[in-house]
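Below: one structure, written as structure tokens.
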Amino acid sequence: RRLLLLAALADTGDLDVLLGADVPAPEELGRAERAGLVRIAGRRVVFAHPAVRATVTAAATVEERRQAHAVLAARADRRDRRLRHLSEAAVGTVEEIARELEELAQRLLEHGDPAGAIAALRRCTGLTPPGAARTRRAARAAYVDASIGGNLDGGAALPGPGAGGSIWAAAARGHVLAHGDGDLDA
């Protein structure tokens, strides 16, 4: 079960990553393959259906998922994957990971991946301790989501100019006002 959870949470299904995770891989993989849950395609584990992957993830406890993400972070071959897994393994606020996610979001924007940037900014906000940095990051996430992602829901909840809002908050609120239904307390 642990190997299936690792495979479900991994970005790649790479057997080399999974086999190095100190789990009884051959037996567990064989049982899962015979049950029709996964198949082995070269050096990758492929789930038979997205619902199988979702079920494996949903059946795990929060702590099991957190531990699996920690294992995957330690074995990740790319910085973005390591950060994603570290952020999912984190408990509470972790400024160092939040800062790295913010930097990753900027790189993703520069390389044409707004959806990835929005996800990184949202996770970064959740890992940031309360205060000015969290407000700024939430505002930037709302701005990118509104201006690039087309989601106009995030800007309305941001603090206004008199409540310590940032330029990102003002821009997000303006975007919502200009492109939304106009019902914004600006």
Side-chain angles (χ1 to χ4, degrees), residues 5-14 16-18 21 44-45 47 50 53-54 56-58 60-159 163-176 178-180:
L5 179 60
L6 288 168
L9 297 176
D11 297 330
T12 64
D14 184 345
D16 294 329
V17 170
L18 300 174
R44 293 177 35 94
V45 176
F47 281 86
R53 177 187 296 264
V56 167
T57 303
T61 66
V62 170
E63 183 60 21
E64 288 170 331
R65 287 192 301 270
R66 192 192 67 68
Q67 289 175 358
H69 278 296
V71 167
L72 291 168
R75 303 209 32 91
D77 60 345
R78 291 190 354 214
R79 184 173 182 232
D80 60 332
R81 287 187 184 132
R82 182 184 67 80
L83 278 172
R84 183 178 85 75
H85 292 300
L86 278 177
S87 73
E88 294 296 332
V91 176
T93 59
V94 185
E95 177 59 29
E96 180 181 335
I97 297 172
R99 186 178 56 256
E100 287 188 59
L101 281 169
E102 187 174 28
E103 293 168 6
L104 173 64
Q106 182 60 40
R107 281 195 310 282
L108 291 170
L109 281 173
E110 290 168 359
H111 290 96
D113 183 3
I118 292 164
L121 285 168
R122 285 183 181 152
R123 186 63 184 138
C124 149
T125 300
L127 290 170
T128 304
R134 184 180 202 150
T135 300
R136 178 183 53 76
R137 287 172 174 157
R140 183 151 190 235
Y143 172 75
V144 171
D145 202 5
S147 64
I148 298 174
N151 180 7
L152 302 179
D153 295 332
L158 294 170
S166 68
I167 189 68
W168 290 111
R173 291 171 63 83
H175 195 83
V176 169
H179 300 286

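What you see below is based on every heavy atom in this structure, not just the backbone, and it leaves out hydrogens, waters and symmetry mates. Given the structure is predicted, the values throughout are model-derived calculations rather than measurements.
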Name the atoms and distances for all side-chain donor-acceptor pairs under 3.5 Å in residues 90-99, with sequence neighbours left out.
residue	atom	partner	partner atom	Å
Glu95	OE1	Arg137	NH1	3.1
Glu95	OE2	Arg137	NH1	3.2
Glu95	OE2	Arg137	NH2	3.0

Taking every heavy atom of Ala89 against every heavy atom of Ala70, the minimum-distance pair comes out as CB-N, 3.7 Å

For Arg82, the side-chain hydrogen bond (donor to acceptor under 3.5 Å, both in side chains) test, sequence neighbours excluded, returns Glu100

Practice problem: Please confirm whether the backbone N or O of Ala76 pairs with a side-chain atom of Arg81, one donor and one acceptor, at under 3.5 Å? | Solution: no

With sequence neighbours left out, the residues meeting side-chain contact (heavy atoms from CB on, under 4.5 Å) with Ala60 are Leu5, Glu64, Arg65

Decide yes or no for Leu101 and Leu121: does some side-chain heavy atom of the first lie under 4.5 Å from some side-chain heavy atom of the second? no

Checklist entry - Charged N to carboxylate O below 4.0 Å: is that the case for Arg136 and Glu102? => result yes

Nearest heavy-atom approach of Ser87 to Leu127 is CB-CD1, 3.6 Å

By side-chain hydrogen bond (donor to acceptor under 3.5 Å, both in side chains), Asp14 pairs with (sequence neighbours left out) none

Only distances under 3.5 Å count here; give the side-chain donor-acceptor pairs of residues 106-117 to other protein atoms, sequence neighbours excluded, each with its distance to 0.1 Å.
residue	atom	partner	partner atom	Å
Gln106	OE1	Arg140	NH2	2.3
Gln106	NE2	Glu110	OE2	3.1
His111	ND1	Arg107	O	2.7
Asp113	OD1	Gly116	N	2.9

Residue pairs passing the ring-ring contact (aromatic ring centres under 6.0 Å, His included) test with at least one member in residues 63-93, sequence neighbours excluded, are His69-His85

